[in-house]
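Accompanying notes for the structure given below.
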Amino acid sequence: MGETVERRQWRRLIACAGGLSLALAAPLTVTQTDSPGLAGVTMHPTVAEYTQLTSSETPPTSAQCLSAGRTCFGPAATRASYNLKPLYDQGFDGRGQTIAIVDAFGSDTIAHDLHVYNTAFGLQAMCGEEGVTCSAGMPTFSVLHVQGSPGTKAPPPTSKGTGQEDRSAWALEVSLDVETAHSIAPMANIILVTTPTAETLGVQGFPDMMNAEQYVVDNHLATVISQSFSSAEDAFNGTHSLLNLRHAYESAATNGVTVLGSSGDGGTANGKKSPVGKGGTTFPFPTVGWPASDPLVTGVGGTYLCTDPDNTTSRTVLSPNVAPRCNAFPTQAEVGWTFAGGGFSHVFSKPAYQNALPGGSTSIGSMRGVPDVAFQASAGTGALVYITLPPDGQSGLICGSAPCSTGWYDIGGTSLSCPQFAGLVAIADQINGGGLGPINPALYKIGADPTRYANDFFDITTGNNTADPDIPGYPATVGWDPVTGLGTPNAANLIPDLVRAANGN
């Protein structure tokens, strides 16, 4: 897929975005935090770009993806690229652990979409997906609606309301998050935690989400929280309004819960609010997104995955590749994604765990460096996801020149990297026998040891996240860098070693 197309699609989505539910608990009402400094801040799902490939329940072939200018990854090829099979062979698949996925609005059809996805790829069925009879030992999928569950279906044609596009963007996000997290940790439970506010934030969107996460932590509902949303740190009206939202992360840290966040899909360029066409502007200097920049959160950046999507057994470079950035580095299995959020915080000082870095790393000055790790993110080398959308063109989402509809999509963004890494953490929690809590100190401990680092990470040394030519970006370098962090996981080595490092070894 051409770089120009990917950039255009990124700009379009930034302008756009601002089932069966198993009851774990009765619907709850969360007290809203009074945070007037949030007015005007826009949070958006970190789906960078998507293309509909088919309108059937049968996944597209590699040839169909190629004809759309894509290489598309199903679960088996992604697992092979990150060396997960040795973990599965030992029975490490996330069983007994729960991933909480936090998204605005949710999706009316996620139970159905999850069933289509699992059936298509022969994945473990979940109790809670459509058409599945629950049995002992089966992982569960459930939905926890916070403050109600507004429908994501299309409004009637006579409706004069707005925001359907936003809600459908979040429904797309939900399918991406739930399906890909399950593909990595197939025996982990998943709770989809939804809130009824997103783009019109005022004092609602971020506080609602943080209160929902607080509820998850306080009630010990999950050991991992995945967040595929972001807003520029500098968009907040002063740091105090941002810092007031950290309570859920502080509680998670003391309760053994790991929190992950997408690093963003604008490279170093982020806006004050969106859509830009309605009064928003881009900051004229490099910025990073929160919550990924929070020291208590593991920020997950992104790469172009330049491996063979038809190879389900090993990490093999695909050359030539339809992705131009992969062709530019024909020997590399991964390249730093142009739109991967990363850089240096303007709010948080450098945490102690970033004092020691792998040799050759980009230097981290006095402020927190973002991200910490990375995973597949580019839409040009993206993942296949199934989603149901309204059939009458009222979804608000446009695929090419036509309204999007139900079917298989190739999707990219750090929304893809974050839930997949959350699946890895669930596997680590299984090995550990419970939640690890904040994992950044352990990750950087591994990074500071040359032997462990070489064994546990794929170091991404090519690429650059200058998404906007007017805003300077950073190159991917040896060791840590502000595009891919420490790199991507060699899962069979990293996950057990992460447990050892977290326990002081």
Side-chain angles (χ1 to χ4, degrees), residues 2-18 37-50 165-166 169-170 173 198-202 205-206 227-239 241-242 261-294 299 301-302 325 336-348 367-371 377-379 398 412-415 417 463-476 481-483:
E3 199 72 23
T4 301
V5 175
E6 191 172 47
R7 176 185 170 89
R8 183 174 69 247
Q9 295 286 2
W10 166 72
R11 289 295 189 192
R12 179 182 56 73
L13 185 67
I14 292 301
C16 289
L38 284 172
V41 179
T42 298
M43 165 178 51
H44 51 79
T46 47
V47 174
E49 197 267 328
Y50 53 87
E165 181 177 280
D166 292 342
W170 281 96
E173 178 71 66
E199 309 317 316
T200 307
L201 287 186
F206 265 125
Q227 305 172 117
S228 290
F229 51 84
S230 176
S231 180
E233 287 181 335
D234 304 77
F236 291 86
N237 185 17
T239 59
S241 59
L242 186 157
S262 300
S263 70
D265 300 335
T268 57
N270 292 285
K272 293 181 181 179
K273 60 180 285 190
S274 64
V276 173
K278 296 184 179 180
T281 57
T282 300
F283 291 106
F285 48 81
T287 53
V288 295
W290 186 84
S293 67
D294 198 296
R325 296 300 340 177
W337 185 42
T338 304
F339 303 94
F344 302 95
S345 175
H346 295 159
V347 174
F348 299 102
M367 304 302 285
R368 156 108 161 109
V370 183
S378 168
I398 301 299
T414 51
S415 280
S417 55
N464 189 292
N465 68 347
T466 305
D468 185 328
D470 296 326
I471 312 295
Y474 302 96
D481 59 70
V483 186

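The first residue in the sequence is number 1, and the count goes up from there. Atom set for the values below is all heavy atoms of this structure, side chains included, hydrogens, waters and symmetry mates excluded.
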Taking [Y]'s backbone N and O only, do any of them form a donor-acceptor pair with [X]'s side chain (distance below 3.5 Å, no angle check)?
X	Y	answer
Ser263	Ala292	no
Arg368	Ser293	yes
Asp468	Ala269	no
Asn465	Gly473	no

*Mind checking whether Trp290 and Phe236 have parallel, tilted or perpendicular rings, split at 30° and 60°?*
perpendicular

Heavy-atom pair with the smallest gap, counting every atom of [X] and [Y]:
X	Y	value
Ala467	Gly266	CB-O, 3.3 Å
Ser228	Glu173	CB-OE2, 3.1 Å
Ser230	Pro291	CA-CD, 4.4 Å
Gly369	Phe344	CA-CD2, 3.9 Å
Gly301	Pro371	N-CB, 3.6 Å
Pro286	Pro472	CG-O, 3.6 Å

Before you tell me yes or no, could you show the steps for Thr414 and Trp337 under side chain to side chain contact (heavy atoms under 4.5 Å, CB included), namely the whole-Å CA-CA distance, both residues' side-chain angles and the distance that decides it to 0.1 Å?
CA-CA 10 Å; Thr414 51; Trp337 185 42; 4.2 Å; yes

The reported gap from OG1 in Thr281 to CG in Asn270 (rounded to nearest 0.5 angstrom) is 11.5 Å

d(Thr466 OG1, Ile471 CD1) to nearest 0.5 Å is 10.0 Å

Do the non-hydrogen side-chain atoms of Glu233 and Val288 ever get within less than 4.5 Å of each other? yes

With heavy-atom distances below 4.5 Å as the criterion, would you say the side chains of Ser415 and Phe229 are in contact? no

**Tyr474/Thr268 under side chain to side chain contact (heavy atoms under 4.5 Å, CB included): CA gap, chis, key distance, verdict** = CA-CA 8 Å; Tyr474 302 96; Thr268 57; 3.6 Å; yes

task = Evaluate the side chain to side chain contact (heavy atoms under 4.5 Å, CB included) criterion for residues Phe348 and Leu242: first the C-alpha distance (whole Å), next the side-chain angles of each, then the deciding distance (0.1 Å), finally the verdict.
result = CA-CA 11 Å; Phe348 299 102; Leu242 186 157; 3.7 Å; yes

* **Residues Phe283, His346; criterion side chain to side chain contact (heavy atoms under 4.5 Å, CB included); working and verdict** => CA-CA 13 Å; Phe283 291 106; His346 295 159; over 6 Å; no

